[in-house]
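Contents: one structure, followed by commentary.
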Number of protein chains: 2
Amino acid sequence: MDATSGKQLSSDNIESRLRVVGLRVTGPRIRVFNLLKQIGGHHSADDLSLRLNAGKDGMSRASVFNVLNDLSSAGLIMLSDAGPGRAFYEASDTWHHHFVCRNCHEIFDVPCAIGRKPCLEADLPGPGFAVDEAQVIFRGLCPACNPEIAPGVVVA
Amino acid sequence: MDATSGKQLSSDNIESRLRVVGLRVTGPRIRVFNLLKQIGGHHSADDLSLRLNAGKDGMSRASVFNVLNDLSSAGLIMLSDAGPGRAFYEASDTWHHHFVCRNCHEIFDVPCAIGRKPCLEADLPGPGFAVDEAQVIFRGLCPACNPEIAPGVVVA
DNA sequence: ATATTAATTGGACTTAATGCAAATAAAGTA
DNA sequence: TACTTTATTTGCATTAAGTCCAATTAATAT
């Protein structure tokens with residue numbers, strides 16, 4: 001089996017990735033991961049729970065929370081920093097940052113110049129800090145809410 | 001009145017700063033602002049509410065939320081990006097970033113090389129975005145939770 | 001001093017997330 | 001395959017964070 005075969009390399013599919021990080025391969029985990037990958041973008045636990053229960057592949061809300069916690073702490077999905085409030089998750093293979101609109105609160109991906117993490121140097125308050133990630137949140141107005149671009153729009 | 005007098009410049013005290021941004025000067029706003037400045041650090045609404053009601057200067061929980069919203073959207077205090085979950089506020093005069101420990105969740109300030117916002121360029125997904133702020137969250141282990149520094153510490 | 005309008009308040013309510021104990025299912029072993 | 005062990009899932013109760021509302025109070029303008 002090589003890259004030209006239809007099958008994915010074992011390290012690329014979710015089942016082996018779960019095994020690699022020492023998590024059991026379970027239905028709920030596969031469903032959540034696949035959904036996230038399929039729909040793309042940034043989603044809260046309740047958003048995903050709703051979508052999963054819309055189809056016939058229901059699963060408990062608590063499990064969605066559990067799974068998201070497990071997958072994100074194992075690094076299989078990303079917990080997007082988008083400010084205080086509920087947590088948003090995404091299945092992305094490349095490290096990136098976020099732009100959050102102050103008006104409509106939509107989240108946009110912003111590519112990371114370096115493409116790996118940490119991509120920014122920290123001038124830390126002392127020795128002993130071990131940084132493994134640097135995530136940037138850009139804030140402002142998105143094109144749809146920017147009065148310069150979309151005149152007539154009322155920015156609350 | 002000049003800088004050598006005991007009094008602060010009018011633009012430096014909270015009362016005039018409130019007026020400048022078009023907010024009324026009220027007891028609750030002054031109390032919250034002063035407390036935040038006095039104790040320093042990063043605090044949630046409920047934390048501040050608790051402290052305010054510990055003394056005899058009580059005020060309603062809803063007001064603490066209202067005041068924090070007003071002050072932060074007016075730019076008089078800063079809403080610290082520290083990841084999903086409850087909101088943390090601080091009264092700081094210089095723009096800076098944050099390090100959040102993955103284990104104990106403590107928040108540390110990380111100076112910003114530029115010192116004002118936005119301090120980073122975003123490679124935005126299209127035209128029409130107006131960025132006014134870029135805040136970085138560094139994650140990892142703080143000295144107290146770093147096993148390299150504090151052997152014997154169990155990182156959950 | 002009065003009128004106007006903003007801010008505060010308490011309490012109910014919503015939303016996001018966690019805790020727990022019982023039931024279930026995955027993976028290792030014989 | 002059957003069995004055993006232990007992780008995971010589940011439903012429900014609970015906590016935590018924040019918002020909403022209509023009535024009251026207080027700040028500013030006149």
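Just so it is clear: chains get the letters A, B, ... in the order the sequence lines come, proteins before strands, and each one is counted from 1.
Side chain of Leu23(A), nearest nucleotide from dT9(C), dG18(D), dT8(D): dT8(D). Distances from the side chain of Val67(B) to the nucleotides dT9(C), dT8(C), dC12(D) place dT8(C) closest. Of the candidate nucleotides dC12(D), dT9(D), dT9(C), dT9(C) has the atom nearest to the side chain of Ala62(B). Minimum atom distance to the side chain of Met59(B) is reached by dT9(C), of the listed dT9(C), dT9(D), dT19(D).
Each of Pro84(B) and Pro28(B) lies near DNA chain C, and the nucleotide nearest Pro28(B) is the one positioned closer to the 5' end.
Computed from coordinates, the Arg86(A) CZ to dT14(C) C1' distance equals 12 Å when rounded to whole Å. Atoms CG (Leu52(A)) and P (dT9(D)) sit 12 Å apart, rounded to a whole Å. One interatomic measurement links the two molecules: CZ of Arg61(B) to P of dT14(C), which rounds to 15 Å at whole-angstrom precision. One atom, CZ of Phe65(B), and another, P of dG18(D), lie 5 Å apart when rounded to the nearest Å.
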Scan nucleotides 23-26 of chain C against the protein and return all N/O pairs shorter than 3.5 Å with their distances rounded to 0.1 Å.
unit_1, atom_1, unit_2, atom_2, d
dA26(C), N3, Arg24(A), NH1, 3.2

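A salt bridge does not link Arg86(B) with Asp47(B): none of the charged nitrogens is closer than 4.0 Å to a carboxylate oxygen. The pair Arg24(B)-Asp70(B) does not meet the salt-bridge criterion, since no charged nitrogen lies less than 4.0 angstrom from a carboxylate oxygen.
For Phe138(A) and Phe129(B), the gap between ring centers reaches or exceeds 6.0 Å.
Under 3.5 Å, the side chains of Glu90(A) and His98(A) contain a donor-acceptor pair of N or O atoms. In this model, no donor atom of one side chain and acceptor atom of the other lie less than 3.5 Å apart for Ser49(B) and Asp46(B).
Regarding contacts with the backbone of dT18(C), a side-chain N or O of Asn69(A) is found under 4.0 angstrom from either OP1 or OP2.
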